[in-house]
Q: 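Have a look at the structure that comes next, please.
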Amino acid sequence: MADNEPSGTSERIDDLEQRRVEAVPRADELAAAKQHPKGKYTARERIELLVDEDSFVEVGEFTLRRPTSFDTGDDRCYGDGVVTGYATVDGRRICLFSHDFTTYGGSMGEAFGEKVLKIMDMATKAGCPVVGINDSGGARIQEGVVSLAYYAELSRRNSKASGVVPQISVVMGPCAGGAVYTPALTDFTVMVDRTSRMFVTGPDVVRSVTGENISAEELGGAEVNGSVTGNAHYVASDEVDALDWVRTLLAFLPANNMAVPPEYPVLEPAAAASELDTVVPDSPNQSYDMRRVLAAVLDDGELLEVHASFAPNVLCGFGRVRGRTVGVVASQPLRQSGIMDIDASEKAARFVRFCDAFNIALLTFADVPGYLPGREQEQRGIIRRGAKLLYAYSEATVPKVTVVTRKAYGGGYAVMGSKHLGADVNLAWPTAEIAVMGAEGAVELLYRAELAEAEANGVRASVRAKLIAEYRATMTTPYVAAERGYVDSVIRPAMTRARVSDALLMLEAKREESPPKKHSTMPL
Ligand SMILES: CCCC(=O)SCCNC(=O)CCNC(=O)[C@H](O)C(C)(C)COP(=O)(O)OP(=O)(O)OC[C@H]1O[C@@H](n2cnc3c(N)ncnc32)[C@H](O)[C@@H]1OP(=O)(O)O
């Protein structure tokens, strides 16, 4: 034994304490000195902001990287650029990892990769959510192919854990190259305005390969990933806001796919039920805010929106009805009249599949004039990509309750939680217009000859108005669908919360089996 090595028990304990000081408080002090001037928290501070006080148990704080043929490893430090462990959030267990940008730029090498995989495996076996806080320069250059291997391994773990435990990524700095695929494979990604960047190749590479000059913010900032690409589910104003959002999100979710979401005390909605009787305007061409409907249906009117600024023509988010989590998919007539387009379809499909995987009942509100027509959407693949939502609803076996508030035209009717896609309870307001298309378009198509004759006689406007009124009275009502049982009940809007909550209670123990298969072949 070397002279400076501890021999007795008390010396060994002292030695442990010294090592711990070096691995944790001393490392944090150095990290804070680098991160704070940039307006960023350290890896452990971020964990402390996320989890319950004193609940974090670190795993692998004494990990050291192995020397490589490239260097001697003299600069090695404990932890190897990532802090891993488990903790509780609101008393419920989570596993987490948090990149330490101040150690080798938070880049992933072998020891780092092993730590992350270990915690992922632990979460999957223990059945608890995983939160990954990303702030990294990507693959560690000194460790070459080994670091690439760990990215691939991590993608495999993400895929294995998908649908088993909720996976949440928080991007709080750079996230480039292969590193972006872990957030992409997780269920939710949170970015921080102006400090997060996520791109496959950064501006320098873009410039050298394509000659294009583009800033990092424009290429992969939080704003662009939140509203254009849809990679970010929430854009936080700062790091504290990002971690608050994750805490709120976790409170809606079950620990794993075998568990049910946590139950909370029942809260009354934020708006009176009677307000729903006046939400839908008399004119079918006038919009209204679907959030007003949700305010009178959900507990406390609370909706935790995901993808709020991406495809805002459909709202997706978590709320509660009588203390139980529901996944809300709702047309938003305020934005593009709530029409279904590619982004809206993919956004809602992903959300529906998440809810189905994690036993979260689906509550759909439809006011949708159909699928968006036109060259741009057709050429970008609205057929294949629009089919994703049909697929997701059809595949979902959780309780599904749908309310048609106004328009449910054409493919929009079918896709927004219709009975034919397996919804359990379908309700409609008396203002519902369930038809192949709106009255104006239908009359132009059906009465071409009559309208031409009326035109010749100088009475086109009055004939057209009469035909539209007739079509509305006979075709665009909820009663044609109700007669056939496609709608279970036409209800007074003010009764919506009561009827939705009764339906969800009735469906609480719903069990629906799907035929055995290896996996589906959904249109990706
Ligand atoms: C399958 C996976 C494939 C991939 O991940 S390929 C992508 C590989 N990564 C990259 O190309 C990004 C390389 N890094 C960068 O571009 C920049 O460091 C980055 C992330 C934009 C951050 O820039 P700054 O905030 O200015 O910080 P900085 O450059 O001074 O870096 C801070 C310290 O971190 C180090 N670092 C950053 N990325 C690293 C990496 N990948 N491997 C090893 N060390 C890395 C960097 O050398 C610097 O160290 P030091 O403080 O000078 O000792």
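Computation of the quantities below employed the complete heavy-atom set of this structure, encompassing side-chain atoms and omitting hydrogens, waters and symmetry-equivalent molecules.
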Q: Is it true that a side-chain atom of Asn256 and a backbone atom of Met258 form a donor plus acceptor pair closer than 3.5 Å?
A: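 A pair under 3.5 Å: yes.
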
Q: Where the side chain of Lys400 meets the backbone of Leu421, is there a donor-acceptor pair that is under 3.5 Å apart?
A: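 Between the backbone of Leu421 and the side chain of Lys400 there is a qualifying donor-acceptor contact (under 3.5 Å).
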
Q: Once salt bridge (charged side-chain N to carboxylate O under 4.0 Å, His left out) is applied, do any residues pair with Asp356, and if so which ones, sequence neighbours excluded?
A: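 Partners of Asp356 by the salt bridge (charged side-chain N to carboxylate O under 4.0 Å, His left out) criterion come out as none, since no residue qualifies.
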
Q: Check Pro261 against Pro254 and note the closest heavy-atom contact, atom names and distance.
A: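 It is N-CB, 3.7 Å.
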
Q: Should we count NZ of Lys510 as having more than 12 external heavy atoms under 6.0 Å?
A: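 Atom NZ in Lys510 is packed in, count exceeds 12.
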
Q: So how far is it from Ile94 CD1 to Arg92 CZ, rounded to the nearest 0.5 Å?
A: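 Between atom CD1 of Ile94 and atom CZ of Arg92 there are 10.5 Å.
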
Q: What's the spacing between Ser331 OG and Met340 CE if we round to 0.5 Å?
A: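 These two atoms lie 6.5 Å from each other.
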
Q: Only one of Glu217, Glu218, Glu223 clears salt bridge (charged side-chain N to carboxylate O under 4.0 Å, His left out) with Arg197; which?
A: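 Single salt bridge (charged side-chain N to carboxylate O under 4.0 Å, His left out) partner of Arg197 among Glu217, Glu218, Glu223: Glu217.
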
Q: Would you say that more than 12 heavy atoms from the other residues, nucleotides or ligands in this model lie under 6.0 Å from the CZ of Arg335, or not?
A: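 No, CZ of Arg335 has 12 or fewer neighbouring heavy atoms, counting only those of other groups under 6.0 Å.
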
Q: Tell me, with the steps shown, if Leu427 and Val404 meet side chain to side chain contact (heavy atoms under 4.5 Å, CB included).
A: CA-CA 6 Å; Leu427 305 171; Val404 180; over 6 Å; no

Q: Between Asp299 and Gly323, what is the shortest heavy-atom contact and its length?
A: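 Closest approach of Asp299 to Gly323: OD2-N, 2.7 Å.
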
Q: Do any side-chain atoms of residues 312-321 form donor-acceptor pairs under 3.5 angstrom with protein atoms, and if so which ones, sequence neighbours left out?
A:
from   : atom 1 : to     : atom 2 : distance (Å)
Asn313 : ND2    : Ile339 : O      : 2.8
Asn313 : ND2    : Asp341 : OD1    : 3.3
Asn313 : ND2    : Asp341 : OD2    : 3.4
Arg320 : NH2    : Ala251 : O      : 3.2

Q: Just grab all the salt bridge (charged side-chain N to carboxylate O under 4.0 Å, His left out) pairs involving residues 265-283, residues at least two apart or on different chains.
A: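 Found Asp277-Arg492.
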
Q: The criterion is side chain to side chain contact (heavy atoms under 4.5 Å, CB included); which residues satisfy it with Ala349, sequence neighbours excluded?
A: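 Ala349 satisfies side chain to side chain contact (heavy atoms under 4.5 Å, CB included) with Lys388, Leu389, Ala392 only.
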
Q: Looking at CZ of Phe310 and CD of Glu305, how far apart are the two atoms once the value is rounded to the nearest 0.5 Å?
A: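 Going from CZ on Phe310 over to CD on Glu305, the span is 13.5 Å.
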
Q: Check side chain to side chain contact (heavy atoms under 4.5 Å, CB included) between Lys40 and all other residues, then give those that pass, not counting sequence neighbours.
A: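 Scan of Lys40 (side chain to side chain contact (heavy atoms under 4.5 Å, CB included), adjacent residues dropped) gives Gln35, Lys38, Arg46, Asp135, Pro174, Glu239.
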
Q: Kindly indicate whether the side chain of Tyr391, heavy atoms from C-beta on, has any atom under 4.5 Å from the side chain of Ser520.
A: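 Yes, their side chains come closer than 4.5 Å.
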
Q: List for me each residue that meets ring pair (Phe, Tyr, Trp, His ring centres under 6.0 Å) alongside Tyr234, sequence neighbours excluded, and say none if there are none.
A: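 By the ring pair (Phe, Tyr, Trp, His ring centres under 6.0 Å) rule, Tyr234 matches Trp245.
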
Q: Counting distance only, does the side-chain N/O of His307 pair as donor-acceptor with the main-chain N or O of His233 below 3.5 Å?
A: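 No.
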
Q: Search all heavy atoms of Val398 against all heavy atoms of Asp424 and return the closest pair with its distance.
A: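 Heavy-atom minimum between the residues: O-OD2, 3.9 Å.
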
Q: Spell out, as yes or no, whether a donor-acceptor pair under 3.5 Å connects the side chain of Thr248 to the backbone of Asp244.
A: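 Side chain of Thr248 to backbone of Asp244: a pair is present.
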
Q: Test of understanding: with ring pair (Phe, Tyr, Trp, His ring centres under 6.0 Å), list the residues that count as partners of Tyr41, not counting sequence neighbours.
A: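 Testing Tyr41 for ring pair (Phe, Tyr, Trp, His ring centres under 6.0 Å), a comparison that skips the adjacent residues, returns none.
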
Q: Sub-3.5 Å donor-acceptor pair from the side chain of Gln167 to the main-chain atoms of Asp187, do we have one?
A: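 Such a contact is absent between Gln167 side chain and Asp187 backbone.
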
Q: Any ring pair (Phe, Tyr, Trp, His ring centres under 6.0 Å) pairs touching residues 418-439, not counting sequence neighbours?
A: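 Residue pairs with at least one partner in residues 418-439: Tyr413-His420, His420-Tyr486.
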
Q: Working to the nearest 0.5 angstrom, can you tell me the gap between Leu276 CG and Met495 CE?
A: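 So the gap between those two atoms works out to 11.0 Å.
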
Q: Run the side-chain donor-acceptor check on residues 435-454: report pairs under 3.5 Å with partners two or more places apart or on a different chain.
A:
from   : atom 1 : to     : atom 2 : distance (Å)
Glu440 : OE2    : Arg472 : NH2    : 3.2
Glu444 : OE1    : Arg460 : NH2    : 3.0
Glu444 : OE2    : Arg464 : NE     : 2.7

Q: Not counting sequence neighbours, which residues clear ring pair (Phe, Tyr, Trp, His ring centres under 6.0 Å) with Tyr393? List them please.
A: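 Partners of Tyr393 under the ring pair (Phe, Tyr, Trp, His ring centres under 6.0 Å) test: none.
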
Q: Which pair of heavy atoms, one from Pro129 and one from Arg93, lies closest together, and at what distance?
A: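 Answer, listing the atom of Pro129 first, then Arg93: CD-O, 3.5 Å.
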
Q: Is it the case that the side chain of Ser337 and the backbone of Pro333 share a donor-acceptor pair, with hydrogens and angles ignored and the cut-off at 3.5 Å?
A: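 No, the answer is negative, given that no donor and acceptor are paired below the 3.5 Å cut-off.
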
Q: Would you say Tyr181 has more than 12 foreign heavy atoms packed within less than 6.0 Å of its OH?
A: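 No.
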
Q: Given side chain to side chain donor-acceptor pair (under 3.5 Å), test Asn158 with Thr182 step by step and report yes or no.
A: CA-CA 7 Å; Asn158 288 135; Thr182 279; 3.1 Å; yes

Q: Does Arg380 CZ have over 12 foreign heavy atoms under 6.0 Å away?
A: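 Above 12, so yes.
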
Q: Would you check if the side chain of Tyr371 reaches a backbone N or O of Gly386 as a donor-acceptor pair within less than 3.5 Å?
A: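 Pair found, side chain donor or acceptor close to backbone of Gly386.
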
Q: Using the ring pair (Phe, Tyr, Trp, His ring centres under 6.0 Å) criterion, which residues pair with Phe354? Sequence neighbours excluded.
A: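 Listed in chain order: Phe188, Phe358.
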
Q: Distance only, no hydrogens: is a donor on one side chain within 3.5 Å (strictly under) of an acceptor on the other, for Ser169 and Thr186?
A: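 A donor-acceptor contact under 3.5 Å links the two side chains.
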
Q: Are side-chain heavy atoms of Leu154 and Met120 found at a separation under 4.5 Å?
A: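 Side chain of Leu154 against side chain of Met120, heavy atoms only: contact under 4.5 Å found.
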
Q: Apply side chain to side chain contact (heavy atoms under 4.5 Å, CB included) to the pair Val224 and Leu219, showing each step before the final yes or no.
A: CA-CA 7 Å; Val224 75; Leu219 192 61; over 6 Å; no

Q: Can you give me the closest heavy-atom contact between Ser345 and Arg385, atom names plus distance?
A: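 Heavy atoms of Ser345 and Arg385 come nearest at OG-O, 2.8 Å.
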
Q: Give the intermediate values and the outcome of salt bridge (Lys or Arg N to Asp or Glu O under 4.0 Å) for residues Glu346 and Arg384.
A: CA-CA 10 Å; Glu346 291 186 335; Arg384 173 178 55 82; 5.4 Å; no

Q: Is there a donor-acceptor pair closer than 3.5 Å between any side-chain N or O of Asn231 and the backbone N or O of Ala184?
A: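 No, because the side chain of Asn231 does not come within donor-acceptor range (under 3.5 Å) of the backbone of Ala184.
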
Q: If only atom types and distance count, is the side chain of Ser283 paired as donor or acceptor with the main-chain N or O of Asn285 below 3.5 Å?
A: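 Confirmed, Ser283 side chain pairs with Asn285 backbone.
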
Q: How would you list, by chain and number, every residue that makes a salt bridge (charged side-chain N to carboxylate O under 4.0 Å, His left out) with Asp52, sequence neighbours excluded?
A: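 Checked Asp52 against salt bridge (charged side-chain N to carboxylate O under 4.0 Å, His left out); matches are Arg247.
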
Q: Measure the OG1-CG distance between Thr189 and Asn225 for me, rounded to the nearest 0.5 Å.
A: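 With rounding to 0.5 Å, OG1 (Thr189) is 9.0 Å from CG (Asn225).
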
Q: Return the minimal non-hydrogen interatomic distance between Gly220 and Met191, and the atom names on each side.
A: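 In terms of heavy atoms, the two residues are closest at O-CE, 3.6 Å.
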
Q: Under a 3.5 Å distance rule, please check whether Ser501 uses its side chain to pair with a backbone N or O of Arg322 as donor and acceptor.
A: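 Side chain of Ser501 to backbone of Arg322: no pair is present.
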
Q: Under the side chain to side chain contact (heavy atoms under 4.5 Å, CB included) criterion, do Thr496 and Ile491 qualify, and how do the steps go?
A: CA-CA 7 Å; Thr496 306; Ile491 60 164; 3.9 Å; yes

Q: Can you tell me if Tyr288 and Thr405 form a side-chain donor-acceptor pair at under 3.5 Å?
A: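 A pair is found: one side chain offers a donor N or O, the other an acceptor, under 3.5 Å apart.
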
Q: Rounded at 0.5 Å granularity, tell me how far CG in Leu298 sits from CG in Leu303.
A: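 Answer for the CG-CG pair, Leu298 versus Leu303, is 6.0 Å.
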
Q: Using distance alone, with no hydrogens and no angle criterion, decide if Asp289 and Gln332 have a side-chain donor and acceptor under 3.5 Å apart.
A: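 Distance-only check passes for Asp289 and Gln332.
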
